[in-house]
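Please read the structure below before turning to the comments.
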Amino acid sequence: MTRVVFLLVPQVHLLDLAGPAQVFSTAAGHGLDYTVDHVAEQEDVPTAQGLTLRASTEWPRLTPDDLLVVPGWRASTLRSHGDLAPATLERLAAHHAAGGTVASVCAGADALGRAGLLDGRRCTTHHDLQDELARRYPRTVVVRDVLYVVDDRVVTSAGIASGIDLALHLVANRHGPAAAARIAREMVVYARRNGDERQVSAMLRHRAHLVDAVHRVQDLIDARFATRLSLADLAGEAGVSERTLTRHFTEATGLTPLRYQQELRVERAEHLIAHGATAEAAARAAGFQDARMLRRLRARAGSVRAGSVRDVDERAELVNSSVG
């Protein structure tokens, strides 16, 4: 069981708290092992939006698998708000030292800085606070124009809605991008996990739509991308004809079902190669017959989009009525 503990500071922003909290509570609703707690230095915590929250002043027992999150608070300057007792800051530092992950949303990065967790690390915060954060903690590197930054189990985000992106990223890391995509779909948010990383998982990259039938087909391909799938079966999952599925899928994702499956396979193969597998072994594990198609797709990556000139393999999709 992973315990997610939110440390609440007076004038906390509701969305900084509620967005990530809903990600983890939704994950728990999908059967993932999460429990959410809220702690503070005082039981009644006023929020920036005028609602008073009730939190526990007793800290639960934490393990390295648990996550500490500090949501942001309303602050014209970091120096004038968000004071925490030395004992609280010591808890943040001790959890990280024990192997746990500590995260922040928006101004919450200042709490991590006060705890000494930003020294020698990269981080980010809300764009209005970046300059001050850099001045207050000169031993850190403040990364601008990103949603979040991950550096040695210290995860900082830009603030407000980006806290949702941060939480989805953490879920994806622990349970895979397909789980994060399901949660994002239920929350009706853009399923992005990209912080400062250049590459975004294809499972999330093509989920920025609200077409439920296409999401169901993507769920099936995500779960079985290394196997041969019948286009008829995929159409049956969507409750439409094969031709209608191909049209709707392409309109929603920019890819045909085959091209989507190919992207998943290439990503999986590249991951295996990066961890020491040969190209041949990685290609077969990802669902390719051999490494030739993998090499071809890697060389072509990004050069051709669905809806433009299709290659022989995509034409074969229509002929063979199958994916993979």
Nearest heavy atoms of Q262 and L297, plus distance in Å: OE1-CD2, 3.9 Å

Any donor-acceptor pair under 3.5 Å from D222 side chain to A178 backbone: no

Name of the residue among D37, D33, T35 meeting side-chain hydrogen bond (donor to acceptor under 3.5 Å, both in side chains) with R3: D37

Reported CZ-to-OG1 distance for the pair R153 and T101, which is rounded to 0.5 angstrom: 6.0 Å

Modelled atom types, side-chain donor and acceptor of H30 and E186, under 3.5 Å: yes

Point-to-point distance, once rounded to the nearest 0.5 Å, from OG of S241 to CZ of R247: 7.0 Å

Joint hydrophobic cluster, L53 plus V70, side-chain heavy atoms closer than 4.5 Å: no

Side-chain donor/acceptor of H169 to backbone N/O of I164, under 3.5 Å: no

Euclidean distance, T278 OG1 relative to L272 CG, rounded to 0.5 Å: 9.5 Å

Q49-H13 side chain donor-acceptor pair, cut-off 3.5 Å: yes

Nearest heavy atoms of P64 and A98, plus distance in Å: CG-O, 3.3 Å

Test item: E132 side-chain N/O and R79 main-chain N/O as donor-acceptor pair under 3.5 Å: yes

Heavy-atom side-chain proximity of T156 to L118 below 4.5 angstrom: yes

Distance-only polar pair, side chains of E270 and H275, donor-acceptor under 3.5 Å: no

Test log, rule side chain to side chain donor-acceptor pair (under 3.5 Å), inputs H206 and E263: CA-CA 10 Å; H206 302 294; E263 284 204 9; 3.0 Å; yes

Min side-chain heavy-atom separation I183-F24 under 4.5 Å: no

Among H209, R185, E237, Q261, side-chain hydrogen bond (donor to acceptor under 3.5 Å, both in side chains) partner for Q218: H209

Sequence neighbours left out, cut at 3.5 Å: what donor-acceptor pairs do the side chains of residues 81-92 make with other protein atoms?
from : atom 1 : to   : atom 2 : distance (Å)
D83  : OD1    : R114 : NH1    : 2.8
T88  : OG1    : E41  : OE2    : 2.6

Interatomic distance, Q289 atom CD to L294 atom CG [nearest 0.5 angstrom]: 13.0 Å

Criterion side-chain contact (heavy atoms from CB on, under 4.5 Å) on L133 and C123, from CA distance to verdict: CA-CA 10 Å; L133 189 72; C123 68; 3.8 Å; yes

Heavy-atom pair with the smallest gap, counting every atom of I273 and A282: CG1-CB, 3.6 Å

Worked verdict on T140 versus V142 for side-chain contact (heavy atoms from CB on, under 4.5 Å): CA-CA 6 Å; T140 190; V142 177; 4.1 Å; yes

Residue that, paired with W73, satisfies side-chain contact (heavy atoms from CB on, under 4.5 Å) out of D110, D16, T47: D110

Hydrophobic cluster identity match, V154 and V105, side-chain contacts under 4.5 Å: no

Beyond-backbone contact of T246 with L231, side-chain heavy atoms, under 4.5 angstrom: yes

Interatomic distance, R135 atom CZ to Q130 atom CD [nearest 0.5 angstrom]: 12.0 Å

Under-4.0 Å salt bridge between D131 and R144: yes

Modelled atom types, side-chain donor and acceptor of D219 and H215, under 3.5 Å: no

Donor-acceptor under 3.5 Å (T124 side chain, V143 main chain): yes

Greater than 12 external heavy atoms within 6.0 Å of R292's CZ: no

Ion pair check, E280 and R284, cut-off under 4.0 Å: yes

Intermediate values then yes/no, side-chain contact (heavy atoms from CB on, under 4.5 Å), D66 and V4: CA-CA 6 Å; D66 297 330; V4 183; over 6 Å; no

Nearest non-hydrogen partners of V12 and P71, listed with the distance: CG2-CB, 3.8 Å

Hydrophobic cluster membership, V102 vs V150, 4.5 Å side-chain cutoff: no

Sidechain N-carboxylate O distance under 4.0 Å for R174, D65: no

Check: L8 and V39 side chains under 4.5 Å, non-hydrogen atoms: no

Any L129 side-chain heavy atom under 4.5 Å of L78 side chain: yes

Linked, directly or transitively: L67 and L168 (ILVMFWY side chains, under 4.5 Å): yes

Plane angle bin for H38 and F6 - parallel if under 30°, tilted between 30 and 60°, otherwise perpendicular: parallel

Separation between CD of E43 and OG of S56, rounded to the nearest 0.5 Å: 7.5 Å

Joint hydrophobic cluster, L7 plus V36, side-chain heavy atoms closer than 4.5 Å: no

Flag side-chain contact, heavy atom, 4.5 Å: V23 against Y34: no

V69 side chain near V5 side chain, heavy-atom distance below 4.5 Å: no

Exercise: identify the closest heavy-atom pair between A286 and R265: O-CG, 3.0 Å

Closest non-hydrogen atom pair, P20 against L15: CD-O, 3.7 Å

Basic-acidic side-chain contact under 4.0 Å: D44, R54: yes

side-chain contact (heavy atoms from CB on, under 4.5 Å) between L147 and L166, intermediate numbers included: CA-CA 8 Å; L147 296 174; L166 176 149; over 6 Å; no

Side chain proximity check, V141 to R121, heavy atoms < 4.5 angstrom: no

Pair listing, ring-ring contact (aromatic ring centres under 6.0 Å, His included) test, anchored in residues 219-258, at least two apart: F249-Y260

Under 3.5 Å donor-acceptor, T244 side chain and V240 backbone: no

